[in-house]
Amino acid sequence: MEIGLFIGFLGFFLTAIILVIIFLYLYAVVTPYDDYKLIFEENNLAAALGFGGAIIGVSIPLYSALVNSISYIDFAIWGTVAILIQLIFAFIVTRLGGKYSFKTKISDGIISVGILMAFLSISIGLLNAGSMSY
């Protein structure tokens, strides 16, 4: 294998990992509940499902950005766009009030709401990715 190709692979791969890590941090910031506390300290399955769906949801458009970009900079820009779209979605959905409050239901560990959050995040990720396949 040519070393230049491997270095190119590492650049794209490591950038994608860094973008996911940034997303993990920012997702916890934009949601009105403490994801990490709910998952790691309170063993909240609903929060884990929602958070897991968010990770898959952001990985799908990152994949699309990887395979459709024409350069490293193009990938970095579209990867950032992918993250922003997913974060905006999470911010809006977790702020719904009343009987459809994701904040309350996930904090209370309502598993069905965690599953719904996961599926919604994945769906937005698919739409996000499809919109990038220019």
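These numbers were taken from a predicted model, which means no experiment stands behind them.
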Query raised in the report: Is the shortest heavy-atom distance from the side chain of Ser69 to the side chain of Trp78 under 4.5 Å?
Result: no

**Report entry** CD1 on Ile124 to CD1 on Ile88, rounded to 0.5 Å
**Finding:** 11.0 Å

Query - hydrophobic_cluster_shared for Ile55 and Ile22, side chain cutoff 4.5 Å - result: yes

Query raised in the report: What's the verdict on side-chain contact (heavy atoms from CB on, under 4.5 Å) for Leu19 and Thr80, showing C-alpha distance, side-chain angles and the deciding distance?
Result: CA-CA 7 Å; Leu19 288 171; Thr80 302; 4.2 Å; yes

**Report entry** Side-chain heavy atoms of Phe119 within contact of Leu49, under 4.5 Å
**Finding:** no

Query raised in the report: Are the side chains of Met117 and Thr94 in touch, meaning some heavy atoms are under 4.5 Å apart?
Result: yes

Report summary line: One should read off an interatomic distance between Phe13 CZ and Ile18 CD1, to the nearest 0.5 angstrom, of 11.0 Å

Requested in this report: Evaluate the side-chain proximity of Ile60 to Asn128: yes if any heavy-atom separation is below 4.5 Å, no if none is.
Outcome: no

Query - Beyond-backbone contact of Ser101 with Leu96, side-chain heavy atoms, under 4.5 angstrom - result: no

Query raised in the report: In terms of hydrophobic clustering (I, L, V, M, F, W, Y; side-chain heavy atoms under 4.5 Å; direct or indirect links), are Tyr72 and Leu66 co-clustered?
Result: yes

Query raised in the report: Taking the inter-plane angle between the rings of Phe12 and Phe75 on a 0 to 90° scale, is it parallel (under 30°), tilted (30 to 60°) or perpendicular (over 60°)?
Result: tilted

**Report entry** Same apolar cluster (I L V M F W Y, side chains within < 4.5 Å links), Phe9/Ile17
**Finding:** yes

Query raised in the report: Under 4.5 Å between any side-chain heavy atoms of Lys103 and Arg95, yes or no?
Result: no

Report task. Keeping the roles fixed (side chain from Asp108, backbone from Ile110), state whether a donor-acceptor pair exists under 3.5 Å. Result -> no

Query raised in the report: OG1 of Thr31 to CG of Leu38: how many Å apart, nearest 0.5 Å?
Result: 8.5 Å

Report summary line: Note: Tyr33 and Ser107 closest approach over all heavy atoms is CB-OG, 3.6 Å

Report summary line: Closest non-hydrogen atoms of Ala65 and Gly79, given as atom of the first, atom of the second and distance, are CB-N, 4.1 Å

Query raised in the report: Are Phe89 and Leu120 side-chain neighbours, meaning at least one heavy-atom pair lies under 4.5 Å?
Result: yes

Query raised in the report: In Å and rounded to the nearest 0.5 Å, what is the CG to CG distance from Leu26 to Leu84?
Result: 8.5 Å

Query raised in the report: With hydrophobic residues grouped by side-chain heavy-atom distances under 4.5 Å, do Tyr63 and Val81 end up in a single group?
Result: no

Query - Working for side-chain contact (heavy atoms from CB on, under 4.5 Å), residues Tyr100 and Val113 - result: CA-CA 9 Å; Tyr100 301 114; Val113 176; over 6 Å; no

Requested in this report: Check the hydrophobic clustering (I, L, V, M, F, W, Y; side-chain heavy atoms under 4.5 Å; chains of links allowed) and say if Ile122 and Leu116 are grouped together.
Outcome: no

Query - Side-chain donor or acceptor of Gln86 paired with backbone N/O of Gly125 under 3.5 Å - result: yes

Query raised in the report: Can you name the closest pair of heavy atoms from Lys99 and Lys105 and give their distance?
Result: O-CE, 3.5 Å

Query raised in the report: What orientation do Phe40 and Tyr36 show, parallel under 30°, tilted 30 to 60°, or perpendicular over 60°?
Result: parallel

Report summary line: Heavy atoms of Leu62 and Val20 approach each other most closely as CD1-CG2, 3.6 Å

Query - Heavy-atom pair with the smallest gap, counting every atom of Pro61 and Ala129 - result: CA-CB, 3.6 Å

Requested in this report: Work out which heavy atom in Ala90 is nearest to a heavy atom in Val30; give both atom names and the distance.
Outcome: CB-CG2, 4.2 Å

**Report entry** Inter-residue atom distance Asp35.CG - Leu24.CG, 0.5 Å rounding
**Finding:** 10.0 Å

